[in-house]
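Quick notes on the structure that follows.
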Amino acid sequence: MNWDDESAPVTTGDGDRLVEAAADGEDRAVEAALRPKDLGEFVGQERVREQLDLVLKAARARGATADHVLLSGAPGLGKTTLSMIIAAEMGAPIRITSGPAIQHAGDLAAILSSLTEGEVLFLDEIHRMSRPAEEMLYMAMEDFRVDVIVGKGPGATAIPLELPPFTLVGATTRAGLLPPPLRDRFGFTGHMEFYAPLELQRVIHRSARLLGVEMEEAGAAEIAGRSRGTPRIANRLLRRVRDYAQVKADGVVTQEIAAQALQVYEVDARGLDRLDRAVLGALLKLFGGGPVGLSTLAVAVGEERETVEEVAEPFLVREGLLARTPRGRVATPAAWAHLGLTPPGQGSTGPGQQGLFDR
Ligand SMILES: Nc1ncnc2c1ncn2[C@@H]1O[C@H](COP(=O)(O)OP(=O)(O)OP(=O)(O)O)[C@@H](O)[C@H]1O
């Protein structure tokens, strides 16, 4: 496999990137089967898990409905899964909706008024709710009551509606996106971190068992290292590696098979895909590591500015391979090392030089 084949287009605008953290259709179809069902099965996130365990146990002991919970963190880290676990641990049903689906206060009133006592309402992307719905939610969370407005103009009247106690589980990519009055009404806020490679290895092992895939420890480690700290990506890579192992080998996922499969799918040892590598490659080879403006970099890889900024850069920045500076994008020493290149003025390129930049 030639990672540097620049003749092929880099564009992945149809959302089919293997390392995309948001769910695609196939993910949704299989995720239900792979979701842990209780806190004990939920891998990693020790702090959130421990704190949540206390909140739920205390509520159960009091025979009360659990406090409202806010979960923040990047896509694919397990917020939906955790909300389902909260409902299961409380022995309560769960209703799932999202901020963008609630555009009018009336939409929210309809959902709230149909909840049963103790029910868990999972509101994904809660920061994307409309303003009037958000204000209705304040009162619902605090007093288990909403005012339904009937009519318009001077004749409009507010009809108070009592709600049964319920638990709201809100999910957001960043808690800072929420207005403080909403944030303050959650009794517990859990911040989900990216997973360590060993934790992802456990996720992969568990999923392999559920999917009936024979997996060696080193095979799981190989996939984990390329999964960008995200269980959803780990599960997706696992499915592609399983296909490869079935077609090209005897179905057993060894370290070698996992590495070969993911090379075919152009996900490198650190989890960078073709687009990430193209951006980094252009920055290093065409602009000497920068600084270079975002627009210039985007033209160099034949992509839209937004694609480079929103799709490729966040992970490259997180990995410490690229920095955004006021003067433009700059590659870090680790970027040169990762692509096996030598920064200008530091001698010839060669594998022997790579270690230099790891310091
Ligand atoms: N801690 C975990 N242990 C095992 N599997 C996990 C864990 N967290 C997530 N997963 C798996 O990853 C997949 C994605 O998780 P989930 O849908 O809960 O993510 P999310 O944070 O809600 O994503 P989004 O914000 O895109 O809705 C699920 O299939 C789930 O099985």
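Counting starts at 1 for both ligands and their atoms, following the listed order. Owing to the predicted nature of the structure, the values given are computational and were not obtained by experimental measurement.
- Considering only non-hydrogen protein atoms, atom 6 (C) of ligand 1 sits nearest to Pro231 CB, 3.8 Å.
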Inset, instruction - Could you give me the CA-CA distance, side-chain angles and deciding distance for Glu313 and Arg329, then say whether salt bridge (charged side-chain N to carboxylate O under 4.0 Å, His left out) is met? - result: CA-CA 10 Å; Glu313 280 188 355; Arg329 273 51 179 173; 2.8 Å; yes
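- Residue Gly76 places a heavy atom under 4.0 Å from ligand 1.
- The Phe42 neighbourhood of ligand 1 comprises atoms 1 (N), 2 (C), 7 (C), 8 (N), with distances under 4.0 Å to a heavy atom of that residue.
- Nearest protein neighbour of atom 11 (C) of ligand 1, counting heavy atoms only, is Asn235 ND2, 3.7 Å.
- Residue Leu82 does not touch ligand 1, judged by heavy-atom distances below 4.0 Å.
- Protein heavy atom in closest approach to atom 20 (P) of ligand 1: Lys79 N, 3.4 Å.
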Legend entry - Candidate pair Ile102 and Leu123, rule side chain to side chain contact (heavy atoms under 4.5 Å, CB included), full reasoning: CA-CA 10 Å; Ile102 299 177; Leu123 235 168; 4.0 Å; yes
Legend entry - Pair Glu266-Asp273, side chain to side chain contact (heavy atoms under 4.5 Å, CB included): steps then yes or no: CA-CA 6 Å; Glu266 302 188 284; Asp273 75 349; 5.7 Å; no
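- In this structure, the protein non-hydrogen atom closest to atom 1 (N) of ligand 1 is Val43 O, 2.8 Å.
- Ranking protein heavy atoms by distance to atom 26 (O) of ligand 1, first place goes to Arg232 NH1, 2.8 Å.
- Looking only at protein heavy atoms, the nearest one to atom 29 (O) of ligand 1 is Glu31 CG, 3.0 Å.
- Residue Arg35 places at least one N or O, backbone or side chain, under 3.5 Å from an N or O of ligand 1.
- Atoms of ligand 1 lying under 4.0 Å from at least one heavy atom of Tyr195, given by number and element, are 1 (N), 2 (C), 7 (C), 8 (N).
- A cation-pi arrangement is present between Arg228 and Phe315 under the rule of less than 6.0 angstrom and at most 45 degrees off the ring axis.
- In this comparison of Thr80, Thr172, Leu34, Ile96, the heavy atom closest to atom 22 (O) of ligand 1 sits on Thr80.
- Side-chain contact of Glu119 with Thr116: a donor-acceptor pair under 3.5 Å is present, judged by distance alone.
- Every atom of ligand 1 with a heavy atom of Asp124 under 4.0 Å away is listed here by number and element: 27 (O).
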Which donor-acceptor pairs under 3.5 Å do the side chains of residues 62-71 make with protein atoms, sequence neighbours left out?
| residue | atom | partner | partner atom | Å |
| --- | --- | --- | --- | --- |
| His68 | ND1 | Leu168 | N | 2.9 |
| His68 | NE2 | Met141 | O | 3.0 |

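- Of the possible polar contacts, one joining the Arg49 side chain to the Gly44 backbone as a donor-acceptor pair under 3.5 Å is found.
- Residues Gln201 and Glu217 bring a donor and an acceptor atom of their side chains to less than 3.5 Å of each other.
- Ligand 1 has no N or O atom lying under 3.5 Å from any N or O atom of Gly44, backbone or side chain.
- Counting the atoms of ligand 1 from 1 in the order shown, those under 4.0 Å from a heavy atom of Pro75 are 23 (O), 25 (O), 26 (O).
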Exercise answer: donor-acceptor pairs, residues 81-90 side-chain atoms, under 3.5 Å, sequence neighbours excluded:
| residue | atom | partner | partner atom | Å |
| --- | --- | --- | --- | --- |
| Thr81 | OG1 | Arg35 | NH1 | 2.9 |
| Ser83 | OG | Thr80 | O | 2.7 |
| Glu89 | OE2 | Leu39 | N | 3.1 |

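- Residue Gly78 has at least one N or O atom closer than 3.5 Å to an N or O atom of ligand 1.
- Distance from atom 15 (O) of ligand 1 to its nearest protein heavy atom, with residue and atom name: Thr81 OG1, 3.6 Å.
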Legend entry - Test log, rule salt bridge (charged side-chain N to carboxylate O under 4.0 Å, His left out), inputs Glu309 and Arg324: CA-CA 10 Å; Glu309 188 174 26; Arg324 291 168 169 164; 5.1 Å; no
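- Pro36 counts as a contact of ligand 1, since one of its heavy atoms falls under 4.0 Å from the ligand.
- Across Glu222, Gln260, Glu216, a single residue satisfies side-chain hydrogen bond (donor to acceptor under 3.5 Å, both in side chains) together with Gln255, and that is Glu222.
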